[in-house]
Student: 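Before I ask anything, let me first share the structure, which is written out below as structure tokens.
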Number of protein chains: 2
Amino acid sequence: MAETVTIKTIASLLGISPSTVSRALQGNPRIGLRTRERVSELALSLNYVSNSAARMLKKNTTFTVGVVVPNLHEEFFSLLIAGIEDVLGQNGFQAIISQSRDDMEREKKAVEHFLRARVDGLIVSLSATTNEYDHFQRLERYGIPVVFCDRTPKGFPSFRVRSSVEAGLRSGLEFLYQKGIRKIALLNGPPYLLSSDERLNTYLRGMYELNLETSPNYIRSTDLSKEDTITQIEEILQLENRPEAIIAFNDYVALDAIKVVKQKGLVLNKDITFLSFANLPITDHVENGPIASVEQFPYQIGSKAGELLHGVLSCPSDIHNYREEVVDSVLKIRGL
Amino acid sequence: MAETVTIKTIASLLGISPSTVSRALQGNPRIGLRTRERVSELALSLNYVSNSAARMLKKNTTFTVGVVVPNLHEEFFSLLIAGIEDVLGQNGFQAIISQSRDDMEREKKAVEHFLRARVDGLIVSLSATTNEYDHFQRLERYGIPVVFCDRTPKGFPSFRVRSSVEAGLRSGLEFLYQKGIRKIALLNGPPYLLSSDERLNTYLRGMYELNLETSPNYIRSTDLSKEDTITQIEEILQLENRPEAIIAFNDYVALDAIKVVKQKGLVLNKDITFLSFANLPITDHVENGPIASVEQFPYQIGSKAGELLHGVLSCPSDIHNYREEVVDSVLKIRGL
DNA sequence: CTGTTAGCGCATTCAC
DNA sequence: GTGAATGCGCTAACAG
């Protein structure tokens, strides 16, 4: 029953040699048509499935790429994964997915697993707690290229696809300004992330150019956990000079923060207004959401990462020829 | 640079044999402590990582299990996956995840990939369009056990962990009844799924026992796509005898349907009330959601599936000793 | 305590 | 057109 069937099984059953079976299965034209047919028929009826470990050992390639994302439940990442899968699938690669749950140790374990499995390449969106990159450097030793996307590392040269929030956030600040809002705070993500940097820089420059004041009190970071977001928003709300608007790192942070705002009896879009990033489909169903959100096109980010990786894989000499792709953002204003 | 380092590399560098290195790396006490130390030091500095394909070929086990779910973005499935990962991780297994996107062909491809990769076991939640199970039967030939969870097959003997919605749905019907609601329709999932069956049966029996009338018009199925849900709900709303309440297959179906209801100018919880399944955390942020939802405890479903699979793996003679685990449900009523 | 040998399943080179 | 032989990286039985 559970007898494994290999090319040998087929060979001896047909009274031919394993190498002939191997060649027949690959459609090698040197093998007689008749033999090929007999082989594939038998293979089918015996339910033969080639052992990829053996194949890999021989050919030193797996046609498999690992994907590590912070989590799977955020629509942002599932859309990103869809983009990766679609592009890679078209090129004959299988994507296998792992989540770090925003925990660097889990991320390390996942990378370790993929390294042992000798995936051909890796696509990573960093965990919020990742502040060292040794586990990625090791992959280079094995010639396994890594493409970072969205959550990309700081000060670590690499292939990357990032979202530029600049355009979207600029429009967002102007939008708030035109609504008469002047006091704007930033509830940012973890400082390790390039995306936090970009939000901060764009915020600072935008505020400056709009001639608006800000202060260190107005700039806080959450580690993206619900708990920390609650702590941070509570401190912001307690400021004697309470902001009229808050720019949240992403829609989830905004939703968590808005819950607190409402618990405190404040009125959304009157006492305080939220602007955030991601523009997730699920927020369609949410009434008390951010007034506007910067669309980042996660599917495109994923598919660009897939293309980038595929490019590197088809031209291995490029492995240190690091490139960066940028996906632009657009501000989406919700109906009130 | 990209020179692969194997146990041979280490062996020749240290002037010892590959098998000694292999044993040392496994912490075999028969190898001298000093040798073990030298080996692990060198392995570390050379960035040695064992090749799991080679190991697998030898030991015929991968310590890897495949997980196939319909999608990753529904919190239900990401919680289910978290349950699987936690249990399996504790037992030294790595879960690798794939999504079918509710498409049987994709599901088949994923299963095929896992079969080639010779995962030790498989955990599956069926795609909404899956109506044949040949691709799972093939796994049995290779002694790879499959555990179905939540979306389990009909008429196909197997290991399964399912959610019993009976208790929750019964409470739900009574809850609606006590609110004076008499006309209750069912917007069910695809007929292939056991969970659709259970919802239907419980609905029919509950209606009967409450002495409420129903009719074929009141019972519809959606394939879970947004488009089909919209079509179905529109037809329900056009009935001359429009229901006062609708039981939706899950929270997502409910949210999609509610959007239509509001577009038609109907008032939620007055003209029409929704009850659904899953009780997802995200609905915390949704004001116009179902009035109540049957909590199904997806994390528990996942962890039970992990335990069940782990049990079968540690006792291979059990491979046809099919068992079913049931996770009970509870009605959660939302504050209005 | 350590080395030698063989083989897991497959693809490939070299024979014929 | 087909077969025999070899080796990918690793482990395990058998020797010493």
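Naming: A, B, ... by sequence-line order, numbering from 1 per chain. All values below were derived from every heavy atom in this structure, side-chain atoms included, with hydrogens, water molecules and symmetry-related copies excluded.
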Student: Test your reading of the model: is there a side-chain donor-acceptor pair from B:Ser45 to the backbone of B:Leu42, 3.5 Å cut-off?
Tutor: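 Looks like yes, one N/O pair under 3.5 Å.
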Student: Taking DNA chain C as the partner, which of residues 9-17 of chain B come within under 4.0 angstrom of it by heavy atom?
Tutor: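 Residues of residues 9-17 of chain B under 4.0 Å from DNA chain C: B:Ile16, B:Ser17.
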Student: In whole angstrom, what separates A:Asn28's CG from C:dA11's P?
Tutor: 11 Å
Student: Report yes if some heavy atom in the side chain of A:Val49 is under 4.5 Å from a heavy atom in the side chain of B:Arg138; otherwise report no.
Tutor: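 Side chain of A:Val49 against side chain of B:Arg138, heavy atoms only: contact under 4.5 Å found.
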Student: Could you run down nucleotides 9-16 of chain D 5' to 3' and tag each one B, S or - for protein heavy-atom contact under 4.0 Å?
Tutor: BBBBBB--
Student: Would you call B:Asp318 and B:Arg323 a salt bridge, taking side-chain N to carboxylate O under 4.0 Å as the test?
Tutor: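 Judged by the 4.0 Å cut-off on N to carboxylate O distance, B:Asp318 and B:Arg323 do form a salt bridge.
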Student: I need the B:Arg160 CZ to B:Ile123 CD1 distance, nearest 0.5 Å.
Tutor: 15.0 Å
Student: Would B:Glu107 and B:Arg101 count as a salt bridge (charged side-chain N to carboxylate O under 4.0 Å, His left out) here? Give the steps.
Tutor: CA-CA 8 Å; B:Glu107 185 178 272; B:Arg101 301 209 221 157; over 6 Å; no
Student: Starting at atom CG of A:Leu25, determine the distance to atom C1' of C:dC10, rounded to an integer number of angstrom.
Tutor: 11 Å
Student: Before accepting this row, confirm whether a basic side-chain N of the pair B:Arg162/B:Glu324 lies closer than 4.0 Å to the acidic partner's carboxylate O.
Tutor: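 Looking at B:Glu324 together with B:Arg162, the answer is yes, because their closest N to O distance falls below 4.0 Å.
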Student: Side-chain contact test, heavy atoms from C-beta onward, threshold under 4.5 Å: evaluate it for B:Arg38 versus B:Leu33 and give yes or no.
Tutor: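 B:Arg38 vs B:Leu33: side chains apart.
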Student: Mark yes when over 12 heavy atoms from residues, nucleotides or ligands other than A:Tyr48 sit less than 6.0 Å from its OH; otherwise mark no.
Tutor: yes
